[in-house]
S.K.: 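Pasting a structure below so you can have a look.
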Amino acid sequence: MKCSYCNRDAVYLQRYSGKHFCKRHFISFFEKKVRGTIKKHRMIETGDVVAIALSGGKDSTTLTHFLIENYSGRRDLDFFAITIDEGIANYRHKTVEVAKEVTRELGIDHYVVSVEKNFGATLDEIVKFGKKSPCAYCGVFRKYLLNRTARELSATKLATAHNLDDESQTILMNFINADIDRLARLIPQREQEDLVMRIKPFREVYEREVVIYGMLKGYKLIFDECPYSELPMRATVRDFLYEFERERPGRKISILRSLEKLSECLKITNPQIDLNNCEICGEPTSQKVCQACKFVKELREEIKIEHCRSLVYEKV
Ligand code: SF4
Ligand SMILES: [Zn+2]
Ligand SMILES: [Zn+2]
């Protein structure tokens with residue numbers, strides 16, 4: 001099959017648009033699309049210091065390359081990467097090494113932050129005794145360390161590699177759970193003190209487009225899966241959306257558009273509340289005590305774990 005824009009062989013069929021892309025036109029489509037998302041949502045602006053959440057997996061590796069290759073020529077911007085090492089045996093060590101290679105190659109500062117060094121226990125130890133799912137603990141401790149590290153290193157934005165598949169799953173899960181507060185939190189509203197604003201440059205491109213772009217650009221991508229990755233509910237929603245998208249291409253885009261159309265109403269019905277500082281650690285939270293400190297309290301009876309007092313990170 002030929003490219004819809006030139007005479008070269010196509011490498012990708014975009015099912016929702018019916019267009020075929022050769023390598024050159026796919027790269028150009030992808031870059032234009034992501035740059036358009038960044039511009040439309042004013043994700044990166046003059047003076048920004050962008051911390052990139054780089055796990056070393058395929059999506060965040062591609063994001064790091066994308067941001068540095070497309071934006072680091074601008075003197076009014078600065079970038080560095082943060083990798084959280086949750087302490088997951090036979091998995092995280094390898095991606096941390098890939099992350100180090102990526103930042104060495106791109107010549108940007110890189111900080112590795114360990115859950116164990118900051119809280120006293122690895123995720124593997126936590127999940128042995130905790131009553132929640134591994135991802136519940138992982139998500140809370142990772143977000144905590146990402147935000148705190150980004151803020152202490154003076155970042156103004158925190159870029160994550162969430163793509164259209166992730167976003168549409170999260171939106172649908174919030175609807176299914178009738179969690180409209182959480183749904184509203186997906187819409188960027190105003191800045192909150194101590195919370196570094198998150199940006200998701202890949203939120204309008206499919207996961208497979210991110211991977212194809214990364215492969216066509218020749219980045220070294222690894223496809224290892226976290227051993228805890230089979231979250232029952234997210235996996236069910238993911239599989240449902242996969243089937244739905246196969247039958248009716250473009251539905252994931254409509255889910256994202258639905259949220260955008262609802263955003264003005266949600267800002268009124270579920271306005272952003274001012275955050276407090278956690279009574280224990282001082283980090284921003286909507287409660288009196290942040291979720292990380294609550295988990296520590298709950299787990300302390302079972303394992304040796306403690307509140308994160310001062311942040312520990314390793315500069316690579
Ligand atoms: S799959 Fe779950 S436990 Fe594994 S890295 Fe992702 S959030 Fe953490
Ligand atoms: Zn072409
Ligand atoms: Zn706290």
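Ligands are counted one by one from 1 in listed order, and the atoms in each one are counted from 1 as well. What you see is a predicted model, and the numbers here were worked out from it, not measured in a lab.
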S.K.: Return each pair, listed once, that meets salt bridge (charged side-chain N to carboxylate O under 4.0 Å, His left out) where at least one residue sits in residues 244-254; pairs must be two or more places apart or across chains.
M.R.: Asp165-Lys252, Glu243-Arg246
S.K.: Out of curiosity, does Leu153 fall in the hydrophobic cluster containing Val115 (side-chain heavy atoms, cut-off under 4.5 Å, transitive links)?
M.R.: yes
S.K.: Is the distance between the ring centroids of Phe295 and Tyr137 under 6.0 Å?
M.R.: yes
S.K.: Mind checking whether atom 4 (Fe) of ligand 1 has an N, O or S of Cys138 under 2.8 Å?
M.R.: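 So Cys138 does not count as coordinating atom 4 (Fe) of ligand 1.
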S.K.: Taking only heavy atoms of Tyr228, which atoms of ligand 1 are found under 4.0 Å from at least one of them?
M.R.: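 With Tyr228 as reference, the close atoms of ligand 1 come out as 3 (S).
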S.K.: Where on Cys226 is there a heavy atom closer than 4.0 Å to ligand 1, on the side chain, on the backbone, on both, or on neither?
M.R.: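 For Cys226, only side-chain atoms sit under 4.0 Å from ligand 1.
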S.K.: Does ligand 1 have any atom that is closer than 4.0 Å to a heavy atom of Arg142?
M.R.: yes
S.K.: Among pairs that include at least one residue of residues 296-316, which meet ring-ring contact (aromatic ring centres under 6.0 Å, His included), considering only residues two or more places apart or in two chains?
M.R.: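 Applying ring-ring contact (aromatic ring centres under 6.0 Å, His included) to every pair that reaches into residues 296-316, excluding sequence neighbours, yields Tyr111-Tyr313.
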S.K.: Answer yes if the ring centres of Tyr12 and Tyr206 are under 6.0 angstrom apart, and no otherwise.
M.R.: no
S.K.: Near Ser229, which atoms of ligand 1 are under 4.0 Å from a heavy atom of that residue?
M.R.: 1 (S)
